[in-house]
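Everything on this sheet refers to the single structure shown next.
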Amino acid sequence: MQSPPAVFRSPLLAQMKQDFIDFMLSKILMGRFGELEEVTSLIRWLASDEGSFSTAATFDISGGRTTY
């Protein structure tokens with residue numbers, strides 16, 4: 001069984017079986033699901049003048065789930 005690289009707390013979780021939710025959570029090194037506000041905060045920063053000098057980067061917002 002594989003899980004997606006990142007899971008964020010959302011209404012979609014209510015549609016999943018608890019054992020699958022627990023499995024996905026076990027793969028996240030930070031021990032918690034991401035919050036939608038964390039993603040929107042990064043997007044706002046990237047779109048703002050504060051992030052205007054940032055180019056060609058990868059922003060890993062997976063809580064440690066993504067491994068390379």
Side-chain angles (χ1 to χ4, degrees):
M1 184 180 342
Q2 293 182 357
S3 65
V7 179
F8 290 84
R9 194 169 303 283
S10 73
L12 184 62
L13 287 178
Q15 300 174 29
M16 297 180 182
K17 293 182 179 182
Q18 188 60 48
D19 61 334
F20 188 66
I21 293 171
D22 294 341
F23 173 76
M24 290 187 298
L25 185 58
S26 75
K27 301 297 182 185
I28 301 172
L29 296 178
M30 292 184 97
R32 66 176 180 85
F33 293 124
E35 299 293 337
L36 295 178
E37 293 79 17
E38 292 170 309
V39 175
T40 58
S41 180
L42 175 59
I43 293 168
R44 281 193 311 269
W45 180 79
L46 286 169
S48 74
D49 288 340
E50 292 177 350
S52 66
F53 203 63
S54 178
T55 60
T58 300
F59 294 93
D60 182 353
I61 191 161
S62 71
R65 169 66 179 107
T66 304
T67 56
Y68 301 96

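The side chain to side chain contact (heavy atoms under 4.5 Å, CB included) test applied to Leu42 returns Trp45, Leu46, Phe59, Ile61, not counting sequence neighbours. With sequence neighbours excluded, the residues forming a side chain to side chain contact (heavy atoms under 4.5 Å, CB included) with Gln18 are Ile21, Asp22, listed by chain and number.
Annotation: salt bridge (Lys or Arg N to Asp or Glu O under 4.0 Å) contacts involving residues 37-53, sequence neighbours excluded, comprise Arg32-Glu38.
Interatomic distance, CZ of Phe33 versus CG of Leu25, reported as 4.5 Å (0.5 Å rounding).
No more than 12 heavy-atom neighbours from other residues, nucleotides or ligands sit within 6.0 angstrom of CE on Met30.
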